[in-house]
**Student:** 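Got a structure for you, written out below as structure tokens; questions coming shortly.
Counting convention: from 1, in listed order, for ligands and their atoms alike.
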Amino acid sequence: MYLKLPPRVSRIIHTLQAHGYEAFAVGGCVRDTVLGRVPDDWDITTSARPQEVKGLFTRTVDTGLIHGTVTVLLGDDSFEVTTYRIDGRYEDHRHPSQVRFSAELAEDLRRRDLTINAMAYNQEQGLVDLFGGMKDLQEKRIRCVGEARERFREDALRILRVVRFSAQLGFLIDPATEDALRSLAGDLAYVSAERIQVELVKLLRSDHPDYILRLFDTGIAEVVLPELVESAADPARAQSIADSLKKVPPERSLRLALLLHPLGEKKSQKLLRRLKFDNHTIDTVRRLVRWYGQPLGETPAQVRRSAAAIGAELFPQVLQVQGTYRDVTDVRRIWEEITEKGQCISLKTLRITGNDLIALGMQPGPAVGALLKELFVDVLEEPGHNDREYLIECAKRKL
Ligand code: ATP
Ligand code: MG
């Protein structure tokens with residue numbers, strides 16, 4: 001089988017080979033290339049030790065030397081080059097207690113999670129597929145390398161990764177892998193919130209975000225999203241949430257908001273904090289959840305008022321969220337007109353400022369803000385009034 005490697009990947013592999021080492025592209029990049037997808041990144045596995053890799057390339061970064069990973073920089077690209085590795089015994093369901101380097105590609109492939117993620121490729125040897133990864137790709141199946149139960153006991157995150165890859169690729173889960181996954185779902189409690197967050201987001205942003213339902217029927221949700229279990233107990237409701245995810249672009253805040261809206265603002269926020277999301281995401285999702293189900297108005301003036309309350313940056317996302325359960329064509333048309341005409345929906349673009357009012361003789365203080373607000377409310381009603389001279393005249397009259 002021939003796969004096209006990017007020139008820089010070939011260059012790294014050939015450099016390593018020229019010095020007597022083995023080297024292959026491995027994992028996700030091989031899987032994606034076989035599928036005709038564009039890989040996010042290219043990982044290389046090699047028999048060379050990290051120090052030896054560092055010796056062969058001018059620009060490298062010590063990404064994880066104890067795990068065998070050196071990042072090689074070529075031009076503006078970077079590639080992780082990792083020494084063949086055997087993960088030692090896992091004692092806490094998430095970290096190998098030790099990592100040993102190996103001289104055998106087969107040992108490195110055996111430690112990987114799924115058959116479709118355990119293939120290696122270079123131009124000289126072609127595809128190295130020791131666990132039937134190619135067949136599983138063709139038959140659209142997610143299957144563990146080796147004995148599933150054992151692999152999940154080593155690292156429980158793999159349980160969630162199985163569902164994530166199944167959602168990204170639209171594949172079914174092999175029965176033996178699924179059995180193991182159901183019986184060991186509870187072990188996800190040992191896994192850090194950060195790692196769970198990464199997999200959850202990839203699942204939500206995948207082509208099949210509705211596969212999130214698998215978390216609920218396998219017992220995974222009880223551990224990673226316990227707050228949602230109650231709202232998902234009603235099958236029709238769960239299905240409608242799952243379907244709504246497919247109606248918006250694969251953007252994390254949008255999809256998180258659709259998933260979490262049954263919890264309301266406070267509980268959503270708490271859940272996202274627990275999963276260690278960044279503050280920006282937490283705040284965006286909280287606001288989207290808050291506006292879920294809220295009327296945005298029907299007349300241009302009403303829509304301008306909602307947009308002013310929501311914020312211009314978030315309003316399009318609120319429209320996307322509401323578009324999953326009602327027809328927002330009219331509101332969208334009004335919104336487009338507001339932006340096209342550059343109508344004022346924020347104090348920031350009001351053509352009069354607090355300083356102007358002070359220059360007109362007002363004492364600095366809350367009254368300044370109150371008058372600005374009054375003028376702003378008038379401009380929301382009548383966009384033509386956002387004219388500096390008009391507003392100053394108006395202010396003078398009120399003073
Ligand atoms: P993505 O497109 O999401 O990056 P990927 O296959 O590259 O997909 P990564 O999480 O980047 O996934 O991992 C790279 C490779 O490392 C995987 O293809 C797999 O071979 C191996 N791997 C990653 N995580 C695990 C794990 N928890 N257990 C075993 N092998 C793993
Ligand atoms: Mg990757």
**Student:** Suppose I only count heavy atoms of Lys202 and a 4.0 Å limit; which atoms of ligand 1 are within that range?
**Tutor:**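 Listed by number with element: 1 (P), 3 (O), 4 (O).
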
**Student:** So which protein heavy atom does atom 21 (C) of ligand 1 come closest to, and at what separation?
**Tutor:**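 Minimum-distance protein heavy atom for atom 21 (C) of ligand 1 reads Arg112 NH1, 3.7 Å.
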
**Student:** Is it true that Glu381 and Arg304 have a side-chain N and a carboxylate O under 4.0 angstrom from each other?
**Tutor:**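 Between Arg304 and Glu381 there is no salt bridge, as every charged N stays at least 4.0 Å from the carboxylate O atoms.
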
**Student:** Under the 3.5 angstrom rule, does the side chain of Gln197 hit a backbone N or O of Lys276 as a donor-acceptor pair?
**Tutor:** yes

**Student:** Are any of the protein's heavy atoms under 4.0 angstrom from atom 11 (O) of ligand 1, yes or no?
**Tutor:**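 Flag for atom 11 (O) of ligand 1 set to false, no protein heavy atom closer than 4.0 Å.
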
**Student:** With the 4.5 Å side-chain cut-off for hydrophobic clustering, are Leu213 and Leu271 part of the same group?
**Tutor:**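 Leu213 does not cluster with Leu271.
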
**Student:** Give me the nearest non-hydrogen protein atom to atom 6 (O) of ligand 1 as residue plus atom name, then the distance to 0.1 Å.
**Tutor:** Arg31 NH1, 2.7 Å

**Student:** Can you tell which part of Arg164 has a heavy atom less than 4.0 Å from ligand 1: side chain, backbone, both or neither?
**Tutor:** side chain

**Student:** Using non-hydrogen atoms of the residue, decide whether Asp155 is closer than 4.0 angstrom to ligand 1.
**Tutor:**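 It does; at least one heavy atom falls under 4.0 Å.
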
**Student:** Side chain, backbone, both or neither: which applies to Phe165 and ligand 1 if a contact is any heavy-atom pair less than 4.0 Å apart?
**Tutor:** side chain

**Student:** Under 3.5 Å, is there a donor-acceptor pair linking the side chains of Arg237 and Ser231?
**Tutor:** no

**Student:** Hey, any chance Ile116 and Leu35 share a hydrophobic cluster, counting ILVMFWY side chains that come within less than 4.5 Å of each other, even indirectly?
**Tutor:** yes

**Student:** Judged by non-hydrogen atoms, does Arg161 sit under 4.0 Å from ligand 1?
**Tutor:**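 Yes; Arg161 lies near enough to ligand 1 that a heavy-atom distance drops under 4.0 Å.
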
**Student:** Among all protein heavy atoms, pick out the one at the shortest distance from atom 20 (O) of ligand 1; state its residue, atom name and that distance to 0.1 Å.
**Tutor:** Asn117 O, 2.9 Å

**Student:** Taking the basic N atoms (NZ, or NE/NH1/NH2) and the acidic carboxylate oxygens, is any pair closer than 4.0 Å for Arg111 and Asp108?
**Tutor:**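 Asp108 and Arg111: salt-bridged.
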
**Student:** Of all the heavy-atom pairs spanning Leu288 and Ala257, show the shortest one and how long it is.
**Tutor:**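 So the two residues come closest at CB-CB, 3.6 Å.
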
**Student:** Can a side-chain donor-acceptor contact be found between Thr71 and Thr63 if the only test is distance below 3.5 angstrom?
**Tutor:** yes

**Student:** Side chain, backbone, both or neither: which part of Gln168 has a heavy atom under 4.0 Å from ligand 1?
**Tutor:** neither

**Student:** I need the nearest protein heavy-atom contact for atom 30 (N) of ligand 1: residue, atom name and distance, please.
**Tutor:**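 Closest protein heavy atom to atom 30 (N) of ligand 1: Asp113 N, 3.1 Å.
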
**Student:** For the residue pair Leu259 and Leu245, what are the closest heavy atoms and their distance?
**Tutor:** N-CD2, 4.1 Å

**Student:** Quick one: name the residues clustered hydrophobically with Leu105, using the 4.5 Å side-chain heavy-atom rule over I, L, V, M, F, W, Y, and just say none if it's on its own.
**Tutor:** Phe24, Val26, Tyr84, Leu109, Val128, Leu130, Phe131, Val145

**Student:** At what distance is the nearest protein heavy atom to atom 14 (C) of ligand 1, and which residue and atom is it?
**Tutor:**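 Its nearest protein heavy-atom neighbour is Asp43 OD2, 4.1 Å.
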
**Student:** Which residue and atom name correspond to the protein heavy atom nearest atom 28 (N) of ligand 1, and how close is it?
**Tutor:** Arg158 NE, 2.7 Å

**Student:** Which residue supplies the protein heavy atom nearest to atom 7 (O) of ligand 1, what is that atom called, and how far is it?
**Tutor:**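 Nearest neighbour among protein heavy atoms for atom 7 (O) of ligand 1, to 0.1 Å: Gly28 CA, 3.7 Å.
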
**Student:** Quick one: which ligand 1 atoms are inside 4.0 Å of a heavy atom on Gly27?
**Tutor:** 18 (O)

